[in-house]
Amino acid sequence: MTIRTRFAPSPTGYLHIGGARTTLYNWLFARRHKGTFVLRIEDTDEVRSTEDSVTAILDSIRWLGLDWDEGPVDLAADRGPYAPYYQMKRLELYQKHVRGLADAGKAYPCYCTREELDAMRKEAVAAKRPAVYDERCRRLTDRQKAEHEAAGRRPSWRFHMPETGETVVDDMIRGRVAFDNALLPDLVIQKAAGGPTYNFACVVDDHCMEISHVIRGDEHLSNTPSQARIYEALGWTPPKFAHLSMILGPDGSKLSKRHGATSVLEYKALGFLPEAMRNYLGLLGWSTTDSRQLFFGTELVEAFDLAGCQKNPAIFDQTKLTWMNGEHLRKLSRQDLLEHAEPFLKNAGLTGPLDPPLDRTVALEGEKCKLLADIPGRVEIFYKDVVFTPKALDGVLKKPGVKEILLDVAGLLEGAEPYAEKVLEERIRAYCEAKALKTGQVFHPLRAALSGRTEGPTLFGMIEVLGRSKSVGRLKAAAALL
RNA sequence: GGCGUGUUCGUCUAGCGGCCUAGGACAUCGCCCUCUCAAGGCGAAGAUCACGGGUUCAAAUCCCGUACACGCCA
């Protein structure tokens, strides 16, 4: 069986965490089974859909490092054997199938206005009946229809749902889920304005694009029996369904803006790595039986399996994501780390070429960071004038004997040949011994004098990378303060 | 309101009737390593497996009910 999955976002906003995970799972499943991953834009909500959203969604998916085999290339073009992949370009197809259903007596026009529908619903709720459409237009005579048309009413089209028995959805994650047909309302499949509704367009497209597995959020589980009936009425075999649990905020409610960052592009800006994001999202609602945490390179694709998917919702934990990001950061090559860090360095005013070169300072400090955004703050000591923290100045430097040590070491550095970490360390340690000083008595003031801080790079690495003249200069400058 | 889904340490999860006095990971705390900060190593604390009934020699695991949360109808 050829595996074809899809992600079908509505471009009514940015790609949020939940959508990102759905995309990831569809992509992983397709890649795992050497299938095809399709991207389809469900832009039939003309009021809420925006081009900016489309761009943001495409950018987000690309940033995550996920590629699609068929779908939009940009705002104007799409590519693939089932094009177009923008639903607004497929309206005729939906209308054709609505007509087909109408001709077969499985769909009928409904002339009810929004107000009438609202009133009906209120009445039903007041009478404690299920708040579903009462299917009154199903029984309209030709004459009544003509009257409505004459009055200028444009009908929406409803799908005639079976009223008895049950509809069973065999979900790959949730198992067998049964719904009572009597409770399935006659769904609108085409709006009065002519556009399809979500549930209809989705069915038509998934079938026409030969999607084999629909992996989507839990919020669609309740729509699935209705969709299953539409497949049946159209004479189509439905795809396999897999409904993913929701992602919640720290307080257990649906993840939203008040919980902090929810868009994947925000996480990019915060300094998270796409591979860390994939790793974390992959594990949010899915796991292996050995509870493995870290996946690098293609390991996620190799391990992924729908069977490991969780039924219950998961709370998004940025702290764990941050830890994971540090793990992935440390796995990066020196060159990759620098490339990823560049936008953040630039943002902090650190653009090359600089002395010392950024690749050296980033290599020295990058591995200690959890976020790319942490890097500038750690390497800036090499480039900016020394600013002493109170702890460095009062707690470390302003001690008896420190001035002499700084001056002595400055002199030592001036004569060190070659000027390299190993040599520097040997000389300075020898100096400690000669003066009968504990290494800490010397190392700590040196660090404070060179960087203004009490924490930072490994001392001798810092002295080497800083360079002879800057190091000596800083030591002398600090000594002059004492 | 109806229907659907879910409920194991603070969080993500392992667990598919005996291996569970419930395992791992993040976070927290302590110790070690160490020129600092990280990282790493070791350890501690943390879950009456939502609650109540059953079934069974035996249940976190199976069945029923209740509560709560979330979703859909909207």
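We name chains A, B, ... by the order of the sequence lines, and we start the count at 1 in each one.
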message: Checking base pairs now: Watson-Crick or wobble, both atom distances under 3.5 Å. What partners rA39(B)?
response: none
statement: Looking only at rC3(B), rC35(B), rG4(B), the nucleotide nearest the Leu183(A) side chain is rC3(B)
- request: Give Gln293(A) one of three labels, base, sugar-phosphate or nothing, depending on what nucleic acid heavy atoms sit under 4.0 Å from its own.
  value: base
- prompt: If you draw the axis of the six-membered ring of Tyr431(A), does the NZ or CZ of Arg429(A) fall within 45° of it and under 6.0 Å from the ring centre?
  reply: no
task: Classify the nucleic acid contact of Thr319(A) as base, sugar-phosphate or nothing, counting any heavy atom under 4.0 Å across all strands shown.
output: sugar-phosphate
field: Asp118(A) CG to rC73(B) P, straight-line distance once rounded to whole Å
entry: 14 Å
message: Please determine whether a side-chain nitrogen of the Lys or Arg among Arg40(A) and Glu42(A) lies less than 4.0 Å from a carboxylate oxygen of the Asp or Glu.
response: yes
- prompt: Which one, rA14(B), rG4(B), rA25(B), comes nearest to the side chain of Thr289(A)?
  reply: rA14(B)
- prompt: Side chain of His340(A), backbone of Asp336(A): donor and acceptor closer than 3.5 Å?
  reply: yes
- request: Round to a whole Å and report the spacing from CZ of Phe179(A) to C1' of rG4(B).
  value: 5 Å
message: From C-beta outward on Ser291(A), which listed nucleotide comes closest to its side chain: rA14(B), rC35(B), rU7(B)?
response: rA14(B)
- prompt: Should Glu327(A) and Arg330(A) count as an ion pair when the cut-off is N to O under 4.0 Å?
  reply: yes
field: Pair assignment for rA14(B), Watson-Crick or G-U wobble, requiring both distances under 3.5 Å
entry: none
statement: From CZ of Arg292(A) across to P of rC12(B) the rounded distance in Å is 21 Å
task: Compare side-chain N and O positions of Lys370(A) against OP1 and OP2 of rA27(B) and report whether any pair is under 4.0 Å apart.
output: yes
Protein-nucleotide distance (Asp171(A), atom CG; rC3(B), atom P), rounded to Å: 20 Å
task: Assess whether ring-ring contact (aromatic ring centres under 6.0 Å, His included) is satisfied between His97(A) and Trp236(A), documenting all intermediate values.
output: CA-CA 12 Å; His97(A) 288 296; Trp236(A) 298 341; 5.1 Å; yes
- prompt: What's the closest nucleotide to the Met246(A) side chain, out of rA39(B), rG71(B), rC35(B)?
  reply: rG71(B)
query: Can you tell me how far P of rC72(B) sits from CG of Asn181(A), to the nearest Å?
result: 21 Å
query: Quick one: CD on Gln190(A) to CZ on Phe200(A), what's the gap to the nearest 0.5 Å?
result: 8.0 Å
task: Kindly point out which of rC12(B), rG6(B), rU36(B) is positioned nearest to the side chain of Pro313(A)?
output: rG6(B)
Touch class at under 4.0 angstrom, heavy-atom based, for Glu327(A) against every strand present: sugar-phosphate
- prompt: The side chain of Ser222(A) lies closest to which of these nucleotides: rU11(B), rC72(B), rG6(B)?
  reply: rC72(B)
field: Proximity to the side chain of Asp317(A) - top-ranked nucleotide from rU36(B), rU13(B), rC26(B)
entry: rC26(B)
statement: Contacts of His220(A) and Leu187(A) projected onto RNA chain B by closest heavy atom; the upstream (5') one is His220(A)
Nearest-Å distance for atom pair CZ/P, residues Arg447(A) and rU36(B): 8 Å
field: Under 3.5 Å on both distances, the Watson-Crick or G-U partner of rC49(B)
entry: none
- request: Return the nucleotide paired to rU21(B): Watson-Crick means purine N1 to pyrimidine N3 with N6-O4 or O6-N4, wobble means G-U with N1-O2 and O6-N3, both under 3.5 Å.
  value: none
field: Side-chain donor/acceptor contact of Lys254(A) with base of rC70(B) under 3.5 Å
entry: no
- prompt: So, Tyr108(A) versus Tyr133(A), ring centres under 6.0 angstrom or not?
  reply: no
query: Separation of Leu397(A) atom CG from rC35(B) atom P, in whole Å?
result: 19 Å
message: Checking base pairs now: Watson-Crick or wobble, both atom distances under 3.5 Å. What partners rU7(B)?
response: rA67(B)
- request: Ignoring backbone atoms, test whether Gln310(A) places a side-chain nitrogen or oxygen under 4.0 Å from the OP1 or OP2 oxygen of rA14(B).
  value: yes
- request: To the nearest Å, give me how far apart CH2 (Trp286(A)) and P (rA25(B)) are.
  value: 17 Å
query: Closest to the Ala314(A) side chain: rC37(B), rA39(B), rC12(B)?
result: rC12(B)
task: Please state whether the phosphate of rA14(B), meaning OP1 or OP2, lies under 4.0 angstrom from any side-chain nitrogen or oxygen of Ser287(A).
output: yes
task: Sort out the partner of rU56(B) for me: Watson-Crick or G-U wobble, both distances under 3.5 Å, none otherwise.
output: none
message: Return the pairing partner of rG2(B) with a 3.5 Å limit on both distances, Watson-Crick or G-U wobble; otherwise return none.
response: rC72(B)
query: Do NZ/NE/NH1/NH2 and the carboxylate oxygens of Arg334(A) and Glu339(A) come within less than 4.0 Å?
result: no
query: Which comes earlier along RNA chain B counting from the 5' end, the contact point of Tyr280(A) or that of Asn223(A), where each point is its nearest nucleotide?
result: Tyr280(A)
- line: pair_partner(rU61(B)), Watson-Crick or wobble, both distances < 3.5 Å, evaluates to none
- request: Please tell me which of the listed nucleotides, rC35(B), rU11(B), rG24(B), lies nearest to the side chain of Phe443(A)?
  value: rC35(B)
message: Of the options rA39(B), rC12(B), rC35(B), whose atoms approach the side-chain atoms of Leu459(A) most closely?
response: rC35(B)
